[in-house]
Amino acid sequence: MLTKAPRGTRDTLPSEIYKWHYVEDIIRKLCSYYGYREIRTPIFEHTELFERGVGSTTDIVQKEMYTFTDKGNRSLTLKPEGTAGVVRAFIEHKLYADALPLKMYYLSPVFRYERPQAGRLREHHQFGIECFGAQFPSVDAEIIDLAMTFFDTLGINNLQLNINSIGCPHCRKDYNAALKSYFNDNMEKLCGTCRVRLERNPLRIIDCKEEKCQALIDKAPIILDYLCDECNDHFEKLQRYLKVLGYQYIINPRIVRGLDYYTKTVFEIISNDIGAQGTVCGGGRYDGLIEQCGGPSLPGVGFGLGLERLLMVIEHQGIKIPEPAYNDVSIVSIGDEGYLKALYLASRLRAAGIFTDVDHMGKSIRAQFKRADKLGSRFCIVIGEDELSKSRFKVRNMQTGTQEEMDENTIIEYFKETANSWR
RNA sequence: GUGGGUAUAGCUCAGUUGGUUAGAGCGCCAGAUUGUGGCUCUGGAGGUCGUGGGUUCGACUCCCACUACCCACCCCA
């Protein structure tokens, strides 16, 4: 146990961190193009925030939260999703006084107590977008566009955009009534959990994968037939915008999402390359959430995008992320005097912006060169007795194997210039 | 929470019906080359055989439990 990461968690090792940096750099750049700024909120919040925000009937709240009591007897919970904390910060700092809509993004770990499987961890990482204050469907289209552009920038294809509308509280009331009467008539054909759902949240039955429920669901009333004029108009406009932006999409009335706060637009971006858990990005509109959490009545839209799943898609599609060099120059030294000079020269090179490695283990010349080779050094600088006496050092090009002699200042200038072509 | 599969060196994996000292390839370290990497050759280090119990003269091997990992369900990113 001592030397084992907890179940469902993973280490990201130095040898693979460049993939995360690459993805994160694209995220930050893309968000700035779209006018979204980063927000960072705590990794844990008061438990009641999630109970209220995510919804007490959801699986997340009922069985998946990492909840603990601190020494002050407060009930706290590790974020099971990203939106609630952002909403809380928005209300707490009265950000609704800022220019609206307020557009934010986050990169954050997310914790859910579940059985791990392909594409599912107990700690995973999400890139999320939130836009507060605007009710136009063009925002819904904007965040979908951002997500799709993100995938495109990474070179990912074969993704499927699914959209649906689950209406607002007004039209959902009619739809829930229709669902209830339909399923009540067929109660005996429903699975156990769906019978419970029928009372608490009939919409969730639509999402059930049980075979016996499937048959019923196929003939069940469809939410889209019950949308009020406003919701219908919203959904129509969203589709028009998506067409203008050139996106193929599927209207999937089965997408209802597992979080209670959604209204109107919901969407998922799905990959078939990474196993059963193929939803890489999911989100939608939540017009009642901010008010529900004690803030002003303002609409919101957002999505969450799973970075581990994203990296799985990248892996499975054979997309190569460029691995940046982490060493330019290795200094190989001989003897005590040479070693002192090596330490000094390493410091000067680093100050000039050159990634420089120097021996710290008293290795032999051969071993120092071997290490340089493994690190991918472009050059080695050799400092031995001959070099010290002449104050000219050998600079060996590790690709070509040629070497020439330079004095100290020339070395610094030389690498300063050539480093431009390396990065 | 439920079901199936798996667990041997840093990594990928062999290991005979249960029989002395558990192996290979790659990787790591060193030497061949006492001031020069990659290729080659030689040598070396590295294992509580997932953990605990049981059967047996004897267990990596058979049995039980636990844990972890992989996959799937529920649900989600």
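Each chain gets a letter, A, B and so on, in the order its sequence line appears, and its residues count up from 1.
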By the 4.0 Å heavy-atom rule, please label [X] as base, sugar-phosphate, or nothing.
X: A:V280; result: sugar-phosphate
X: A:L307; result: nothing
X: A:C380; result: nothing
X: A:A372; result: nothing
X: A:G275; result: sugar-phosphate
X: A:E114; result: base
X: A:I365; result: sugar-phosphate
X: A:R371; result: nothing
X: A:G8; result: sugar-phosphate
X: A:G384; result: base

[N] versus [M] - spacing of their [atom1] atoms, nearest Å:
N: B:C66; M: B:G4; atom1: P; answer: 13 Å
N: B:G23; M: B:C39; atom1: C1'; answer: 27 Å
N: B:A32; M: B:A68; atom1: P; answer: 50 Å

Using nucleotides 28-32 of chain B, report all nitrogen or oxygen pairs with the protein that are shorter than 3.5 Å.
| residue | atom | partner | partner atom | Å |
| --- | --- | --- | --- | --- |
| B:C29 | OP2 | A:K374 | NZ | 2.9 |
| B:A32 | N6 | A:R366 | NH2 | 3.4 |

Legend entry - Secondary structure of RNA chain B in dot-bracket form (Watson-Crick or G-U wobble, distances below 3.5 Å, | marking inter-strand pairs): (((((((..((((.....[...)))).(((((.......))))).....(((((..]....))))))))))))....

Nearest-neighbour nucleotide for the [X] side chain, [options] considered:
X: A:P116; options: B:A77, B:C70, B:A72; result: B:C70
X: A:Q403; options: B:A77, B:U36, B:G37; result: B:U36
X: A:K4; options: B:G37, B:C69, B:C71; result: B:C69

Inset, instruction - Please identify each residue that fulfils side-chain hydrogen bond (donor to acceptor under 3.5 Å, both in side chains) with A:R371, with sequence neighbours left out. - result: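 Checked A:R371 against side-chain hydrogen bond (donor to acceptor under 3.5 Å, both in side chains); matches are A:D357.
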
Legend entry - Residues in side-chain hydrogen bond (donor to acceptor under 3.5 Å, both in side chains) contact with A:Q368, at least two apart in sequence or another chain: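 Scan of A:Q368 (side-chain hydrogen bond (donor to acceptor under 3.5 Å, both in side chains), adjacent residues dropped) gives none.
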
Legend entry - Pair A:Q317-A:D273, side-chain donor/acceptor within less than 3.5 Å: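 Checked: A:Q317/A:D273 side chains pair up, N/O donor to acceptor below 3.5 Å.
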
Inset, instruction - Evaluate the criterion side chain to side chain contact (heavy atoms under 4.5 Å, CB included) for residue pair A:F393 and A:D386; output intermediate values, then yes/no. - result: CA-CA 9 Å; A:F393 308 98; A:D386 291 355; over 6 Å; no

Inset, instruction - Quickly, which of A:L154, A:I274, A:I27 forms a side-chain contact (heavy atoms from CB on, under 4.5 Å) with A:L310? Name it, please. - result: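 The single option meeting the side-chain contact (heavy atoms from CB on, under 4.5 Å) with A:L310 is A:L154.
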
Legend entry - Contacting residues from residues 41-69 of chain A, given that a heavy atom lies under 4.0 angstrom of RNA chain B: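 Contacts with RNA chain B under 4.0 Å: A:D59, A:K63, A:E64.
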
Legend entry - Nucleotide B:U34, atom P - distance to CD of A:E385 in whole Å: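 After rounding, the reported distance stands at 16 Å.
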
Distances under 3.5 Å between nitrogen or oxygen atoms of protein and nucleotides 2-7 of chain B:
| residue | atom | partner | partner atom | Å |
| --- | --- | --- | --- | --- |
| B:U2 | O4 | A:R115 | NE | 3.4 |
| B:U2 | O4 | A:R115 | NH1 | 3.1 |
| B:U2 | O4 | A:R115 | NH2 | 3.4 |
| B:G3 | O6 | A:R115 | NH2 | 3.2 |

